[in-house]
Amino acid sequence: MRRITLFGATGSVGQSAIDLIARDMPAYDVVALTGGRNVAQLAADARRLNADLAVTCYPECYDELKALLSGSPVEVAAGPEAITEAASRPVDWALSAIVGAAGLVPGLEALSHGTTLALANKESLVTAGPLLLGRAKAHGATVLPVDSEHSAVFQALVGEHMAAVERIIITASGGAFRDWPLEKLATATLAEASSHPNWDMGQRITIDSSSMFNKAMELIETKEFFGVSPDMIEVLIHRESMIHAMVGFNDGALMAHVGPPDMRHAIGYALHWPERKALPVERLDLAKIGSLSFEAPDQARYPALALATRVMHEGGLSGAIFNAAKERALDGFIAGEIGFLEMSRVVAETLDKMSSLDGLQNAEITLDNVLETDRLARIRAGEAISQLG
Ligand code: NDP
Ligand code: MG
C-alpha cells in the first residue's frame with residue numbers, strides 16, 4: 001500500500017485527487033488530509049478514506065472538525081504548525097494543493113523527509129523555486145509537476161535531453177475576458193472574473209486566469225522547474241484548452257501534449273509516475289472538435305505577462321515579491337477595494353518599490369528571507385491599494 005498525504009484536500013485539485021484515490025482505495029494508506037474552512041468535506045473524506053489525521057489550517061475550526069469526527073479513529077489537529085507536523089509524517093507521495101504561499105512550508109517539510117511531492121501549488125515555485133528544488137535535491141526527493149501545462153511539458157520531455165530543447169510553449173485559454181473590448185475591462189466584476197471558459201477550478205486561480213496572472217505565474221514556474229532561460233518560454237493563446245503545452249526541439253520538432261481540460265489527468269500522471277495507468281478522463285474525438293486555434297497574446301490586454309518576464313530576468317527574491325503582491329491585490333479585488341485592472345498596477349508598483357532595494361536583490365533565497373519578503377510585499381501592496389482607493 002502506498003502511504004499518501006493530501007495538502008489542500010478540500011480544494012478543487014484536492015477533490016480531483018480524492019476522486020482518483022477513492023476509486024482504488026485498497027492501493028492507498030491515507031496518512032493525512034488537510035483543508036481550511038470546509039471542515040464538513042474534510043471530515044467526510046477523512047472518514048471515507050480512513051485517514052490517520054485531518055488538519056484544518058484555521059485554529060478556530062478545530063472544535064467543529066473535532067465534533068464532526070467524534071467517534072472515528074481519525075486524529076484531529078488545527079493551525080499552520082499542525083499542517084507542517086503532518087508534512088513531517090513519513091509517506092511515499094504527497095499532493096501539494098494548498099492555494100497561495102501557505103503551501104511553501106508544508107512542501108519544504110515534506111521534501112525534507114524524502115517524500116515525492118506532486119506540486120500543484122505553483123506559488124511555492126514562484127516564491128522560492130531554488131529553495132524548494134534545492135531542498136528536494138538535498139534529500140533525494142522528487143518533485144512532480146501537477147499544473148497541467150507543466151505536466152504536459154514534463155511528459156513531452158520523457159526520453160529527451162534538455163540540451164536539445166529550444167523552446168517551451170505553454171498555452172492559455174485567454175480567460176473570461178479574452179473577447180471583451182479593452183475599455184470594458186476596468187468595469188469587470190468579481191462574478192464575471194470568477195468564471196472560466198474551459199476549466200473548473202478554485203475561485204482564486206479562476207480570477208488569475210481572467211487577468212492572466214495565472215499564466216504569468218506559470219511562466220516563472222516553467223523557468224524554475226525546467227531550469228530554462230526566460231527567452232525560451234512562450235505563451236500561446238489556445239481557446240480550446242486541448243493542447244496544454246508544447247516543447248520545441250533543435251531539429252524543428254514540436255511535441256504537443258493534447259488532452260481534455262481535466263485536472264485528473266495531470267494529477268493521475270503524477271500519482272502513477274513513472275508508470276502510466278488508465279484514468280477516467282474523456283477521450284478526445286478530434287474529428288468532432290474539427291479545428292484548434294492559436295493566437296499570440298495581446299500584451300495590452302494582459303499586463304501580467306510583462307511583469308512575469310521582468311521577474312524572470314530579475315530573479316532573486318522578486319518572485320516572492322511578485323507572488324505576495326499578486327495575492328494581496330487579488331484579496332483587494334475580491335474585497336471590492338480595487339478594480340480588475342488595478343491588480344496589475346498594484347503588483348507593478350510593489351515590484352518597483354521593492355525589487356531595486358539592494359538588500360533584497362542580493363539576499364539569498366532562504367526561508368526566512370522569503371517569508372520576510374512576502375510579509376513586506378503584502379504591506380507595500382496594501383499601501384498601493386490604499387492610495388488607489
Ligand atoms: P482551492 O481554493 O479550490 O483549494 C485550496 C485548498 O487550500 C483548500 O483545501 C483550502 O481549504 C486550502 N487552504 C486555503 N487557504 C489555506 C491556508 N492558508 N493554509 C492551508 N490550506 C489552505 O484551490 P485550487 O484547488 O484551485 O488550487 C490549489 C493550488 O493548485 C493552487 O496553487 C493553484 O494555483 C494550483 N492549481 C490549481 C488548478 C485547478 O484546476 N484548480 C490547476 C493548476 C494548478 P478550504 O477550501 O477548506 O478552506
Ligand atoms: Mg495551469
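Everything quoted here is computed from the prediction, not taken from an experiment. One-based numbering, in listed order, for ligands and for the atoms of each.
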- Spatial distance of atom CZ (Arg380) from atom CZ (Arg328) [nearest 0.5 Å]: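 One finds 13.0 Å between CZ of Arg380 and CZ of Arg328.
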
- Item | Sub-4.0 Å heavy-atom environment of ligand 1, residues by chain |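 Contacts of ligand 1 under 4.0 Å: Gly8, Ala9, Thr10, Gly11, Ser12, Val13, Gly35, Gly36, Arg37, Asn38, Cys57, Tyr58, Ile83, Ala97, Ile98, Val99, Ala102, Ala120, Asn121, Lys122, Glu123, Asp147, Met201, Gly202, Ile205, Met263.
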
- Query: Do Val91 and Ile4 have side chains that get closer than 4.5 Å, going by heavy atoms?
  - Reply: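 No, side chains not in contact.
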
- Query: Is the closest basic N to carboxylate O distance between Asp52 and Arg3 below 4.0 Å?
  - Reply: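 No, no charged N to carboxylate O under 4.0 Å.
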
- Task: Using 2.8 Å as the cut-off, note every protein N, O or S atom close to the Mg ion (ligand 2).
- Result: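 Asp147 OD1, Glu149 OE1, Glu218 OE2, with waters left out.
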
- Any side-chain donor near an acceptor of the partner, His150 and Thr222, under 3.5 Å: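 Yes, a side-chain donor-acceptor pair sits under 3.5 Å.
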
- Does the side chain of Asp19 pick up a donor-acceptor pair with the side chain of Ser16 at under 3.5 Å?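 The answer is no; no qualifying pair exists.
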
- Of all the heavy-atom pairs spanning His265 and Val281, show the shortest one and how long it is.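 Smallest heavy-atom distance, with atoms named: N-CG1, 3.9 Å.
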
- Among all residues two or more places apart in sequence or in another chain, which pass the ring pair (Phe, Tyr, Trp, His ring centres under 6.0 Å) test with Phe213?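 Result, ring pair (Phe, Tyr, Trp, His ring centres under 6.0 Å) vs Phe213: Phe322.
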
- Query: Looking at residues at least two apart in the chain, or sitting in another chain, which of them share a salt bridge (Lys or Arg N to Asp or Glu O under 4.0 Å) with Glu372?
  - Reply: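 For Glu372, the residues satisfying salt bridge (Lys or Arg N to Asp or Glu O under 4.0 Å) (neighbours in sequence not counted) are Arg375.
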
- Message: Tell me whether His244 contacts the main-chain N or O of Gly259 through its side chain, where contact means a donor paired with an acceptor under 3.5 Å.
- Response: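 Yes.
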
